[in-house]
**Q** 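Just passing along the structure, written as structure tokens.
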Amino acid sequence: MSAPAPSPLAVVDAEPLPRQEEVLTEAALAFVAELHRRFTPRRDDLLARRAERRAEIARTSTLDFLPETAAIRADDSWKVAPAPAALNDRRVEITGPTDRKMTINALNSGAKVWLADFEDASAPTWENVVLGQVNLIDAYTRNIDFTDPRSGKSYALKPADQLATVVMRPRGWHLEERHLTFDGRPVPGALVDFGLYFFHNAQRLIDLGKGPYFYLPKTESHLEARLWNDIFVFAQDYVGIPQGTVRATVLIETITAAYEMEEILYELRDHAAGLNAGRWDYLFSIVKNFRDGGAKFVLPDRNAVTMTAPFMRAYTELLVRTCHKRGAHAIGGMAAFIPSRKDAEVNKVAFEKVKADKDREAGDGFDGSWVAHPDLVPIAMASFDAVLGEKPNQKDRLREDVSVAAGDLIAIDSLDAKPTYAGLVSAVQVGIRYIEAWLRGLGAVAIFNLMEDAATAEISRSQIWQWINAGVVFENGKTATPELARQVAAEELAAIRAEIGEEAFAAGKWQQAHDLLLHVSLDADYADFLTLPAYEQLVG
């Protein structure tokens with residue numbers, strides 16, 4: 001490979017970071033610039049297509065499997081590429097941001113896979129974007145040992161054969177990286193995250209017996225999967241590694257993607273590893289797309305929408321059947337519970353719920369599932385061990401008993417539950433507390449013993465918006481109105497001030513978070529993503 005020309009990319013509005021020169025090399029930036037030049041126009045077209053499809057859903061209040069791709073679904077002959085050895089057993093996956101402590105703890109957790117997250121569990125400050133890349137490079141070169149200056153505790157990696165396999169998640173297509181520009185225009189965050197990681201680590205990972213593996217978030221159509229596949233093909237040729245080295249697992253976390261699972265796998269078939277059932281973003285996507293569809297699309301409290309709800313069962317059962325029909329892994333949803341160091345009874349109840357959830361997924365045919373905390377790894381592992389035994393997966397379980405009609409996926413009114421006033425209060429509480437942490441640069445936040453990320457904030461603000469616009473009357477007789485939401489938010493802000501004290505309150509971003517939550521919850525012009533207006537307020 002000849003020496004690249006100087007990169008046309010500019011780093012703007014960013015304070016220099018320690019060791020950033022190791023990540024932002026001329027060669028790496030030249031690669032990102034070429035990704036941007038070749039693929040950002042198609043990204044722009046696909047974002048416009050999203051808006052057109054959303055307008056069509058608003059007009060019809062329905063979705064269906066695509067008639068133009070029926071032949072792909074009917075053709076039983078195609079399969080995705082066989083899984084590489086490092087991704088064949090995925091029975092437990094732990095998720096989390098790429099800060100230094102989390103990197104070590106996740107790799108050491110005993111999980112088979114770590115989802116190293118530059119997306120919903122990471123607020124995209126420039127420091128998080130760049131130093132997250134540094135931490136992964138250091139992990140692969142085993143230069144990541146460190147001592148926490150606050151606790152004095154030391155962290156070090158276990159032997160290589162005991163470490164989780166890394167599957168990295170870049171940002172979604174809708175987000176820009178304002179600190180990296182091309183002719184004055186921001187580069188898509190997805191291309192920055194993918195490009196820097198791939199360029200620096202693809203060959204290094206191959207040398208370690210693994211490879212550049214990715215989770216693809218917020219995908220809404222098979223055409224978006226096609227774009228990623230073309231990026232993979234170009235990237236592998238660019239650095240001179242064999243085609244098919246990349247493996248991608250696609251999160252089916254939008255309602256439109258649920259109708260295109262087979263087509264998504266088909267587009268990525270030489271690089272596909274599986275599909276994942278991303279629960280909270282999926283519910284957010286249902287609200288977003290059907291928000292003006294009337295009472296039958298009004299979701300109840302988020303905690304009332306369990307994975308046993310009929311429309312959620314349809315989604316997960318179809319996912320397992322689709323994956324196994326095509327030789328791909330089916331990965332289950334998040335166990336978000338964070339164990340309490342103080343309350344054994346809380347832990348007991350929560351652990352029982354986690355076990356029941358993972359037992360159900362393993363019994364349904366999933367090949368693995370997600371947890372948010374190392375203490376949950378053994379619980380999830382036991383559920384899958386009981387079903388898999390010595391087998392690495394259960395892709396041979398084809399679930400041909402499953403039959404899902406188009407209407408089953410959006411039968412929201414099949415759930416016998418209604419929004420409650422407590423649900424409104426909870427949505428406001430989680431929304432304010434999460435957004436405040438996000439504005440301080442934290443993307444994964446423990447709130448009320450649950451690990452919350454941007455997806456849970458999205459469902460919180462979307463439900464407030466939906467309930468108000470649907471004129472929901474709660475069980476206490478109160479009607480969901482902007483005035484009621486403002487009242488609940490003011491009460492929560494006062495409660496937080498009393499809880500943490502005046503000094504901590506003043507040092508945080510509580511009023512800003514309160515105002516932003518109300519903005520995205522009450523504005524008649526529903527924002528496609530909370531993180532878009534939030535990014536404008538993110539410092540760093």
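Values reported hereafter were calculated over all heavy atoms of this structure, with side chains retained and with hydrogens, waters and symmetry mates removed.
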**Q** Check this for me: does any side-chain nitrogen of one of Lys391 and Asp396 sit under 4.0 Å from a carboxylate oxygen of the other?
**A**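 Asp396 and Lys391: salt-bridged.
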**Q** Is the closest side-chain heavy-atom distance between Leu251 and Leu216 below 4.5 Å?
**A** no
**Q** For the pair Glu452 and Arg302, find out whether any cationic side-chain nitrogen is under 4.0 Å from an anionic carboxylate oxygen.
**A** yes
**Q** Kindly indicate whether the side chain of Asn88, heavy atoms from C-beta on, has any atom under 4.5 Å from the side chain of His329.
**A**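 The answer is yes, as the side chains (C-beta and beyond) meet within the 4.5 Å cut-off.
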**Q** Should the pair Arg100 and Tyr155 be classed as cation-pi, given the thresholds of under 6.0 Å to the six-membered ring centre and 45° from the axis?
**A** no
**Q** Between Arg53 and Glu56, is there a salt bridge with N-O shorter than 4.0 Å?
**A**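 Salt bridge between Glu56 and Arg53, a charged N being under 4.0 Å from a carboxylate O: no.
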**Q** Give me the ring orientation class for Tyr238 and Phe31: parallel if the planes are under 30° apart, tilted from 30 to 60°, perpendicular past 60°.
**A**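 Plane angle between 30° and 60°, so tilted.
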**Q** What is the distance from atom CE of Met381 to atom OG of Ser369, rounded to the nearest 0.5 Å?
**A**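 Met381 CE to Ser369 OG: 11.5 Å, rounded to 0.5 Å.
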**Q** Look at Arg326 together with Glu262 and state whether they make a salt bridge at an N to O cut-off of under 4.0 Å.
**A**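 Judged by the 4.0 Å cut-off on N to carboxylate O distance, Arg326 and Glu262 do form a salt bridge.
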**Q** May I ask you to test the Phe234-Asn229 pair for a side-chain heavy-atom distance under 4.5 Å?
**A**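 No, their side chains stay 4.5 Å or more apart.
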**Q** I'd like to know if Asp385 and Arg91 make a salt bridge, using a cut-off of under 4.0 Å between side-chain N and carboxylate O.
**A** yes
**Q** Between Asp528 and Arg50, does any NZ, NE, NH1 or NH2 come within less than 4.0 Å of an OD or OE carboxylate oxygen?
**A** no
**Q** Hey, mind stepping through Glu220 and Arg49 against salt bridge (charged side-chain N to carboxylate O under 4.0 Å, His left out) and telling me if it holds?
**A** CA-CA 10 Å; Glu220 296 197 16; Arg49 187 179 181 276; over 6 Å; no
**Q** Under 4.5 Å between any side-chain heavy atoms of Leu66 and His222, yes or no?
**A** yes
**Q** Kindly indicate whether the side chain of Leu24, heavy atoms from C-beta on, has any atom under 4.5 Å from the side chain of Leu196.
**A**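 Yes. Closest side-chain heavy atoms under 4.5 Å.
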**Q** When you check the gap from the basic side-chain N to the acidic O, do Arg73 and Glu263 get nearer than 4.0 Å?
**A**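 Salt bridge flag = yes for Glu263 with Arg73.
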**Q** Quick one, Leu275 with Thr249, criterion side-chain contact (heavy atoms from CB on, under 4.5 Å). Give me CA distance, side-chain angles, the key distance, then yes/no.
**A** CA-CA 5 Å; Leu275 303 176; Thr249 304; 5.7 Å; no
**Q** What distance do Thr316 atom OG1 and Ile252 atom CD1 have between them, rounded to the nearest 0.5 Å?
**A** 12.5 Å
**Q** Show your working on side-chain contact (heavy atoms from CB on, under 4.5 Å) between Gln133 and Phe118 and close with a plain yes or no.
**A** CA-CA 9 Å; Gln133 298 279 354; Phe118 286 84; 4.0 Å; yes
**Q** Within the structure provided, determine whether Thr165 and Trp114 are in side-chain contact (heavy-atom separation under 4.5 Å).
**A**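 A side-chain contact is absent here, since even the closest heavy-atom pair is not under 4.5 Å.
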**Q** Are Arg279 and Tyr282 in a cation-pi setup, meaning NZ or CZ lies under 6.0 angstrom from the ring centre and within 45 degrees of the ring axis?
**A**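 No.
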**Q** Do the side chain of Glu361 and the main chain of Gly368 share a donor and acceptor less than 3.5 angstrom apart?
**A**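 Not at all, since once roles are kept as given, no pair shorter than 3.5 Å links the two residues.
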**Q** As a quick check of understanding, evaluate salt bridge (charged side-chain N to carboxylate O under 4.0 Å, His left out) for Glu177 and Arg171, giving each step before the final call.
**A** CA-CA 10 Å; Glu177 175 47 67; Arg171 279 169 281 182; 2.8 Å; yes
**Q** So, applying side chain to side chain contact (heavy atoms under 4.5 Å, CB included) with Val113, which one of Asp89, Thr95, Ile94, Leu87 is it?
**A**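 Only one of Asp89, Thr95, Ile94, Leu87 forms a side chain to side chain contact (heavy atoms under 4.5 Å, CB included) with Val113, namely Leu87.
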**Q** Any side-chain heavy atom of Thr103 sitting closer than 4.5 Å to one from Ile144?
**A**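 Result yes, sub-4.5 Å side-chain heavy-atom pair found.
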**Q** Does this structure show an ion pair linking Arg397 with Asp364, if we count only N-O contacts that are shorter than 4.0 Å?
**A** no
**Q** Taking only residues two or more places apart in sequence, or in another chain, which ones meet Thr40 in a side chain to side chain donor-acceptor pair (under 3.5 Å)?
**A**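 With neighbours one apart ignored, the set is His36.
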**Q** Any side-chain heavy atom of Lys101 within less than 4.5 Å of one from Asn105?
**A**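 They are in side-chain contact.
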**Q** Is Asp45 paired with Arg42 through a side-chain N to carboxylate O contact shorter than 4.0 Å?
**A**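 Answer for the salt bridge query: no.
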**Q** So, do Phe366 and Phe384 have ring centers that fall under 6.0 Å from each other?
**A**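 Phe366 vs Phe384: aromatic centres not under 6.0 Å.
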**Q** When you look at Lys218 and Asp120, which way does the salt bridge (charged side-chain N to carboxylate O under 4.0 Å, His left out) test go after all the steps?
**A** CA-CA 10 Å; Lys218 309 281 192 294; Asp120 273 1; 2.9 Å; yes
**Q** Test your reading of the model: is there a side-chain donor-acceptor pair from Arg313 to the backbone of Pro310, 3.5 Å cut-off?
**A**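 Not at all, since once roles are kept as given, no pair shorter than 3.5 Å links the two residues.
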**Q** Carefully, step by step, assess Arg360 and Asp357 under the rule salt bridge (charged side-chain N to carboxylate O under 4.0 Å, His left out).
**A** CA-CA 5 Å; Arg360 175 189 51 75; Asp357 186 51; 2.5 Å; yes
**Q** Regarding Arg399 and Glu317, does a basic nitrogen lie under 4.0 Å from an acidic carboxylate oxygen?
**A**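 Counted as a salt bridge, because a side-chain N and a carboxylate O are separated by less than 4.0 Å.
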**Q** Could Glu34 and Arg38 be called an ion pair, given the rule that one side-chain N must be under 4.0 Å from one carboxylate O?
**A**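 Yes, Glu34 and Arg38 are salt-bridged.
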**Q** Parallel, tilted or perpendicular for Phe529 and Phe284, by the 30°/60° rule?
**A** perpendicular
**Q** Begin from the C-alpha positions of Tyr197 and Leu205 and carry the test side-chain contact (heavy atoms from CB on, under 4.5 Å) through to its verdict.
**A** CA-CA 11 Å; Tyr197 179 78; Leu205 285 161; 3.5 Å; yes
**Q** Anything under 30° is parallel, anything over 60° is perpendicular, the rest tilted; go ahead and classify Phe232 against Phe194.
**A** tilted
**Q** Decide if the gap between the ring center of Tyr215 and the ring center of Trp370 is smaller than 6.0 angstrom.
**A** yes
**Q** List the steps, then state whether side-chain hydrogen bond (donor to acceptor under 3.5 Å, both in side chains) holds for Gln243 with Asp237.
**A** CA-CA 7 Å; Gln243 288 296 327; Asp237 280 348; 2.9 Å; yes
